[in-house]
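This report refers to the structure that appears directly beneath it.
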Amino acid sequence: MTDVQPVSERLRESDLAACIRETRLVAVLRRVEPTARLVALVEELATAGVRVFEITFDAPSAAADLAACRAALEADGANPCFVGAGTLRTMAQLDSARGAGAAFGVSPVFDPAIVGAALANELPFIPGAYSPTEIDAAWSAGATFVKVFPASSAGPNHIRELRGPMPEIELIATGGIDASNARAFLDAGAVAVGVGSAIARATPDERRALVRVVRTPA
C-alpha cells in the first residue's frame, strides 16, 4: 500500500506547488477549440506570465490538446510551465491524463479513490471541495492543494472563514473568478485562483491586466 503522507508532503514541496504559490494563478481552459486556437492562447498567456495551465478533460480531444500544449511550451522553453488536466471525475479520465503527460490533476469534487490513485503515481492532485468537512477530508487524503469550488457562490469571506480554523490547508479559489474579484480571494487567504471563462473571453490586454492583478503583491 502507498505511504500516502510522505508522498503528499513531497508533492506539496514540488516545483509545481512552488510555482502555484509564486504565480498565484491557474488558467483553466475548457473546450477551447480547435486545438490550434487553444495552443495559440496558451502561448499568449505564457508570454504574459502565466505558468500553470489546466486543460479540462470534458472534451474528446482533451488528451491530444494537453499534449499539444505541452509540446508548444517545451519548444518555446523560455520559462518553466506546467500543463495539467482538469475535470477528472473517473479513473479512465485520470489514466488518460497521465498518458498525455499531465503535470497535475484537478477535479471539481473530492473522490478519495481518485486522489489515492493519483498519489500512488506521484501525480499532484487538486480535488474540489466546498464545506469545511469536505476540505479537511480532501487535505487529510493527501491533496496537494484543495480547490474551493464554486468559490464565487459564497465569495471571499468563505475563504477567510475557512482559513481561521484550518490555516495549514492551502486553498485555490475557482469558479466565477475574474479581474474584478481575483484579488479579493487572494487577500482573503487563497494561495491562488483558478480563472476559466474570464480568460478565454477576454482580450489580450485584459488577460495581461488580470495576470498583473494576481501577481502584484498586496
Side-chain angles (χ1 to χ4, degrees), residues 10-30 32 35 37-57 62 65-88 97-98 100-107 118 122-128 143-149 151 170-175 177-179 181-183 185-187 189-218:
R10 287 199 300 274
L11 297 180
R12 290 169 186 167
E13 296 172 358
S14 63
D15 290 344
L16 164 71
C19 185
I20 288 176
R21 294 185 190 104
E22 178 185 356
T23 62
R24 308 202 298 174
L25 174 63
V26 178
V28 183
L29 303 175
R30 184 180 304 280
V32 178
T35 301
R37 175 172 170 251
L38 171 63
V39 170
L41 176 58
V42 165
E43 290 177 327
E44 178 202 315
L45 289 169
T47 299
V50 178
R51 297 290 174 262
V52 184
F53 302 88
E54 175 188 333
I55 309 301
T56 66
F57 266 52
D65 288 344
L66 188 152
C69 291
R70 282 186 59 235
L73 292 169
E74 289 172 1
D76 176 63
N79 293 286
C81 292
F82 300 88
V83 185
T87 319
L88 300 180
R98 290 182 54 241
F104 61 95
V106 183
S107 177
E122 303 212 6
L123 179 72
F125 203 84
I126 306 169
T144 309
F145 298 96
V146 179
K147 167 181 169 176
V148 179
F149 177 81
E170 294 185 288
L171 306 172
I172 298 178
T174 307
I177 309 296
D178 57 26
N181 61 13
R183 189 54 183 264
F185 280 97
L186 293 168
D187 290 346
V191 70
V193 292
V195 183
S197 58
I199 277 185
R201 293 197 303 257
T203 66
D205 285 345
E206 290 169 339
R207 287 191 274 265
R208 287 191 291 271
L210 174 60
V211 175
R212 287 196 298 271
V213 166
V214 170
R215 296 193 66 168
T216 301

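All values below come from the heavy atoms of this structure, side chains included, with hydrogens, waters and symmetry mates left out.
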Determine yes or no for a side-chain-to-main-chain donor-acceptor pair under 3.5 angstrom, with [X] supplying the side chain and [Y] the backbone.
X    : Y    : value
R12  : A143 : yes
S107 : T87  : no
R37  : V32  : no
E206 : T203 : yes
R30  : G86  : no
R98  : A103 : no
T35  : D65  : no

Drop me the distance from [X]'s [atom1] to [Y]'s [atom2], to the nearest 0.5 angstrom.
X    : Y    : atom1 : atom2 : answer
L16  : T144 : CG    : OG1   : 7.0 Å
N181 : L186 : CG    : CG    : 9.5 Å
C69  : E74  : SG    : CD    : 11.0 Å
F53  : F82  : CZ    : CZ    : 11.5 Å

**Q.** Reference residue F185; test side-chain contact (heavy atoms from CB on, under 4.5 Å); the match among L171, I177, T174
**A.** I177

Q: Could you point out which residue of V50, V52, I172, I20 forms a side-chain contact (heavy atoms from CB on, under 4.5 Å) with L25?
A: V50

Heavy-atom closest contact ([X] atom, [Y] atom, distance):
X    : Y    : answer
A100 : L66  : O-CD2, 3.4 Å
I55  : A62  : CG2-O, 4.2 Å
L88  : G105 : CD1-CA, 3.8 Å
P127 : F145 : CD-O, 3.4 Å
A179 : L210 : CA-CD1, 3.7 Å
V193 : A182 : CG1-O, 3.9 Å

Q: Run the numbers on F104 and V106 for side-chain contact (heavy atoms from CB on, under 4.5 Å), then give the verdict.
A: CA-CA 7 Å; F104 61 95; V106 183; 3.6 Å; yes

Q. Does the side-chain contact (heavy atoms from CB on, under 4.5 Å) test come out yes or no for R24 and V191, once each step is laid out?
A. CA-CA 6 Å; R24 308 202 298 174; V191 70; over 6 Å; no

Q | Counterpart residues, side-chain contact (heavy atoms from CB on, under 4.5 Å), relative to A72 (two or more places apart) | A | V39, E43

Q) How would you list, by chain and number, every residue that makes a side-chain contact (heavy atoms from CB on, under 4.5 Å) with V213, sequence neighbours excluded? A) R183

Q: Could you please spell out the steps behind the side-chain contact (heavy atoms from CB on, under 4.5 Å) verdict for L41 and R207?
A: CA-CA 10 Å; L41 176 58; R207 287 191 274 265; 3.6 Å; yes

Q. If we ignore angles and hydrogens, is there a donor and acceptor under 3.5 Å between the side chains of R208 and T47?
A. no

Q) Is a salt bridge present between R51 and E22, judged by a nitrogen-to-oxygen distance below 4.0 Å? A) no

Q: Please assess L29 against T56 for the test side-chain contact (heavy atoms from CB on, under 4.5 Å), listing each intermediate value before the final yes or no.
A: CA-CA 6 Å; L29 303 175; T56 66; over 6 Å; no

Q) R215 versus T23: any side-chain heavy-atom pair under 4.5 Å? A) yes

**Q.** pair V195-V28: side-chain heavy atoms closer than 4.5 Å
**A.** no

